[in-house]
Amino acid sequence: PAQAKPMDVSEHPEVLAEGYLTKVKSSVLASRTRFFRLTAEKLVYYEEHAGKPIASVAREDITSVEDLGKTKFKLNLAVEIGRSKGKNNIVLDASNQRVKNRWLSALRADTSHRPP
């Protein structure tokens, strides 16, 4: 089967945010840094930049975004994501508050006005 190829940002102006974030798990040892890309349609994460996609979630399935203070934030989802059965949220840790605020702005942006 064909596999999705990561987008080249210069060729895809619909990319709203992208970069490395750490997926925070209950065990610090289980936390992983992944490359995330947010478009008007979906959030995709990869093992590394230009790597194979691990998972994606449609924007309409992101039900809310919570600022957890410092550099962390949480995405609450209407669906399960990744390999975690029964898990419907992702806690992410940005490298600094500026990066976190950029992601929060992009995630909270209204995409309902986009053309069909």
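We use all heavy atoms of the structure for the numbers below, so side chains are in, but hydrogens, waters and symmetry mates are not. Keep in mind it's a predicted model, so treat the numbers as computed, not measured.
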Inset, instruction - Could you tell me whether the side chain of Arg37 reaches within less than 4.5 Å of the side chain of Tyr45, counting heavy atoms only? - result: no
Legend entry - Any Lys72 side-chain heavy atom under 4.5 Å of Asp67 side chain: no
Inset, instruction - Decide yes or no for Ile90 and Lys23: does some side-chain heavy atom of the first lie under 4.5 Å from some side-chain heavy atom of the second? - result: yes
Inset, instruction - Show the numbers, then the answer: is there a side chain to side chain donor-acceptor pair (under 3.5 Å) between Asn76 and Ser64? - result: CA-CA 5 Å; Asn76 293 303; Ser64 65; 2.9 Å; yes
Inset, instruction - Report the relative orientation of the aromatic rings in Phe35 and Tyr46; use parallel for angles under 30°, tilted for 30 to 60°, perpendicular for over 60°. - result: tilted
Inset, instruction - To the nearest 0.5 Å, tell me how far Leu92 CG sits from Leu43 CG. - result: 7.5 Å
Inset, instruction - Hey, could you give me the CD/CG distance between Glu80 and Asn88, rounded to the nearest 0.5 Å? - result: 7.5 Å
Inset, instruction - State the OG-CG distance between Ser95 and Leu21, to the nearest 0.5 angstrom. - result: 8.0 Å
Inset, instruction - Taking Tyr20 for its side chain and Glu48 for its backbone only, find out whether a donor-acceptor pair lies under 3.5 Å. - result: no
Inset, instruction - Answer yes or no: is there a donor N or O on one side and an acceptor on the other, between the side chain of Asp61 and the main chain of Val57, under 3.5 Å? - result: no
Legend entry - Check: Thr71 and Asp93 side chains under 4.5 Å, non-hydrogen atoms: yes
Legend entry - Rounded distance (nearest 0.5 Å) linking atom NZ of Lys42 with atom CD of Glu14: 10.0 Å
Legend entry - Asn96 vs Lys70, side chain to side chain contact (heavy atoms under 4.5 Å, CB included): CA-CA, chis, key distance, verdict: CA-CA 8 Å; Asn96 59 54; Lys70 296 190 180 181; over 6 Å; no
Legend entry - Test item: Arg34 and Ile54 side chains (from C-beta on) under 4.5 Å apart, heavy atoms: yes
Inset, instruction - Compare all side-chain heavy atoms of Leu107 with those of Leu75 and state whether any distance is below 4.5 angstrom. - result: yes
Inset, instruction - Group every Ile, Leu, Val, Met, Phe, Trp and Tyr by side-chain heavy-atom contacts under 4.5 Å, then state whether Val79 and Val65 land in the same group. - result: yes
Legend entry - Stepwise side chain to side chain donor-acceptor pair (under 3.5 Å) test for Ser31 and Thr22: CA-CA 7 Å; Ser31 296; Thr22 300; over 6 Å; no
Inset, instruction - Taking the side chain as every heavy atom from C-beta outward, state whether Leu77 and Ile62 have any pair of such atoms under 4.5 Å apart. - result: yes
Legend entry - Rounded distance (nearest 0.5 Å) linking atom CG of Leu68 with atom NZ of Lys100: 7.5 Å
Inset, instruction - Report yes if the side chains of Phe73 and Leu104 come closer than 4.5 Å at any heavy-atom pair, otherwise no. - result: yes
